[in-house]
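To start, the structure itself, in structure tokens.
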Amino acid sequence: MAQSVPELPADTLVSAVDNAGRGVVTHITIKGDRVAAIVSQATLAMSRLLTVLLTSDTAASALPAVLPAAFPWAGSLPDEHLNAFAGELREAVVAESPERVERVLIDWQAVAEVRAGERRT
């Protein structure tokens with residue numbers, strides 16, 4: 001009989017990667033489904049770098065200007081919307097909350113698509 005792998009909660013992307021690096025399969029919930037998560041060290045490094053950058057006011061001040069390059073749909077947002085989007089995204093990333101990041105992206109993409117006439121309210 002195979003021994004079951006213990007399920008550990010993954011509160012953040014970082015803890016999931018740390019667990020996988022130690023050979024522990026981490027289970028997370030994505031849209032209500034529990035899935036095993038294995039994340040590369042490169043993804044962890046990018047996550048840490050982004051979090052550190054966004055805690056810097058200087059680096060974070062550039063965020064509204066670069067959002068349309070990262071998310072082409074954001075190109076239809078006026079400056080005041082880009083600033084609000086950047087603020088919400090920064091807060092979600094700094095809080096290390098993938099769920100909040102996902103919600104911010106989904107919500108702002110919907111706003112951008114409505115503004116661009118690609119979606120109705």
Side-chain angles (χ1 to χ4, degrees):
M1 179 176 270
Q3 189 176 18
S4 65
V5 177
E7 292 188 15
L8 301 174
D11 296 331
T12 67
L13 176 63
V14 174
S15 67
V17 173
D18 288 343
N19 287 337
R22 291 191 315 272
V24 176
V25 176
T26 301
H27 290 82
I28 59 175
T29 302
I30 299 175
K31 296 183 180 178
D33 295 324
R34 288 184 57 77
V35 296
I38 298 175
V39 181
S40 73
Q41 290 296 331
T43 300
L44 174 61
M46 290 186 296
S47 174
R48 286 181 179 154
L49 177 61
L50 179 60
T51 300
V52 170
L53 283 172
L54 292 183
T55 59
S56 158
D57 290 337
T58 302
S61 68
L63 190 57
V66 300
L67 284 173
F71 307 105
W73 47 261
S76 65
L77 296 173
D79 288 345
E80 64 270 10
H81 283 78
L82 282 172
N83 289 331
F85 174 26
E88 289 179 29
L89 187 58
R90 178 185 185 195
E91 289 174 8
V93 170
V94 170
E96 296 185 10
S97 174
E99 296 82 12
R100 278 181 64 189
V101 170
E102 182 178 19
R103 176 54 37 210
V104 168
L105 293 173
I106 289 168
D107 289 351
W108 279 104
Q109 183 171 4
V111 170
E113 289 173 353
V114 168
R115 289 194 54 82
E118 299 170 4
R119 181 189 288 199
R120 300 184 87 172
T121 58

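Nothing here was measured: the structure is a model prediction, and the numbers come from that model. These numbers come from the heavy atoms of this one structure, side chains and all, not from hydrogens, waters or symmetry mates.
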**Study point:** Distance, nearest 0.5 Å, that separates CG of Leu67 from CH2 of Trp108
**Key:** 10.5 Å

Point to revise | Shortest non-hydrogen contact from Ala86 toward Leu63 | key: O-CD2, 3.5 Å

Which donor-acceptor pairs under 3.5 Å do the side chains of residues 50-61 make with protein atoms, sequence neighbours left out?
unit_1	atom_1	unit_2	atom_2	d
Thr51	OG1	Ser47	O	2.9
Thr55	OG1	Val52	O	2.6
Ser56	OG	Thr58	N	3.4
Ser56	OG	Ala59	N	3.2
Asp57	OD1	Arg90	NH2	3.0
Ser61	OG	Thr58	O	2.6

Point to revise | Partners passing side-chain hydrogen bond (donor to acceptor under 3.5 Å, both in side chains) against Arg103 (at least two apart in sequence or in another chain) | key: Asp107

Review point. With sequence neighbours excluded, what pairs up with Glu102 under the side-chain hydrogen bond (donor to acceptor under 3.5 Å, both in side chains) test?
Key: none

Check your understanding: Is there a path from Val104 to Val114 through hydrophobic residues (I, L, V, M, F, W, Y) whose side chains come within less than 4.5 Å of each other?
Key -> no

**Study point:** Glu91: partners by side chain to side chain contact (heavy atoms under 4.5 Å, CB included), with sequence neighbours left out
**Key:** Arg100

Revision key, fill the gap. For Ile106, the other hydrophobic cluster members (4.5 Å side-chain criterion, sorted by chain and number) are none

Which atom pairs, one a donor and one an acceptor, fall under 3.5 Å between side chains of residues 68-84 and the rest of the protein, sequence neighbours left out?
unit_1	atom_1	unit_2	atom_2	d
Ser76	OG	Trp73	O	3.3
Ser76	OG	Ala112	O	3.0
Asn83	ND2	Asp79	O	3.3

